[in-house]
Number of protein chains: 2
Amino acid sequence: MGDQLFKDSVETTLKVIGGKWKLVILCHLMDGARRFGELRRGMPDITQKMLTQQLRELEEDGIIHREVFMQVPPKVEYSLTPYGGTMGEVLHLLADWGLKHQERVDKEASPTSSDH
Amino acid sequence: MGDQLFKDSVETTLKVIGGKWKLVILCHLMDGARRFGELRRGMPDITQKMLTQQLRELEEDGIIHREVFMQVPPKVEYSLTPYGGTMGEVLHLLADWGLKHQERVDKEASPTSSDH
DNA sequence: CAGTATCCAAGACGATACTG
DNA sequence: CAGTATCGTCTTGGATACTG
């Protein structure tokens, strides 16, 4: 696993999904297309700037699709590309692992068993 | 997938492995225990400071184990904890995805098929 | 050999104001 | 509604020098 190609591949993935909000955005889009405002409401702590920026980067990487509806008021919908959909299993595995990790951390913090 | 627990779990994982060098370090340790110097040689671009720092963080998260051999010259060995070993499948999936992504990007860049 | 300590640069991120 | 533009901050990472 320490070979160069493997390491490079792993780093490539991290570059694509490494932004602070990208994984969360993808989680939302996994459930279906979302408008800009819907995404904002779903992530109360993100700023417009960051949302726009991260969406653009995901778009450039071919992960998501941006569709502008020419109408007033403006409407823009974001959705996963078929390619972006392949992130699904990655997301699931990351979530699985994170969940177990969180449980571990919680257990350490609680006084139920020995502390150290 | 857009539910809060799922999103939190995914973010938790990213926090643990999100450092610039952590995934690469993990790749090396997946092959077995390594000394500090071995890791450095395996990652020519990392500085001592960053290597030390990222190792400490991985240690704090319970992913890796640090063993100091009391001898001169000093010898310190890093290895995955059993828990850290559970990152293995994550690493593989990230590598798979990254490899495919890289192929995609390369194809776009090459003139073999239509350019836009 | 395996680190620390210090200082510095770059980039990521955020707050705010403005626009088609 | 869905952005852009600007500026400031904060975090991350890097260069260099020193140490048990």
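Letters A, B, ... mirror the listed sequences (proteins, then strands); counts begin at 1. Every heavy atom of this structure was used, including side-chain atoms; hydrogens, water molecules and symmetry mates were not.
- Counting distance only, with no hydrogens placed and no angle test, the side-chain atoms of Lys20(B) and the base atoms of dG13(D) include no donor-acceptor pair under 3.5 Å.
- At whole-Å resolution of the value, CD in Glu59(A) and P in dA2(D) are 15 Å apart.
- Across all strands, Lys49(A) comes closer than 4.0 Å to base atoms (heavy-atom distances).
- Pairing analysis of DNA chain D (Watson-Crick: purine N1 to pyrimidine N3 plus N6-O4 or O6-N4; G-U wobble: N1-O2 and O6-N3; both under 3.5 Å) yields stems of 3 or more pairs at C:1-20 with D:1-20.
- Here the OG1-CD distance, from Thr47(B) to Gln53(B), works out to 8.5 Å after rounding to the nearest 0.5 Å.
- No engagement by Arg40(A) is indicated, since no non-hydrogen atom pair under 4.0 Å with the nucleic acid exists.
- Residue contacts shown for Glu77(B) are absent, as no nucleic acid heavy atom lies under 4.0 Å away.
- Between the side chain of Thr13(A) and the backbone N or O of Gly98(B) there is at least one donor-acceptor pair closer than 3.5 Å.
- Within the nucleic acid shown, Glu38(A) has no heavy atom closer than 4.0 Å to any nucleic acid atom.
- Follow the hydrophobic side-chain contacts under 4.5 Å out from Tyr83(A) and you reach Leu58(A) in the same cluster.
- The backbone N or O of Gly2(A) lies less than 3.5 Å from a partner atom in the side chain of Asp31(B), making a donor-acceptor pair.
- In this structure, Met50(B) places its CE atom 15 Å from C1' of dG3(C), rounding to the nearest Å.
- No contact: Phe69(B) has no heavy atom under 4.0 Å from any strand.
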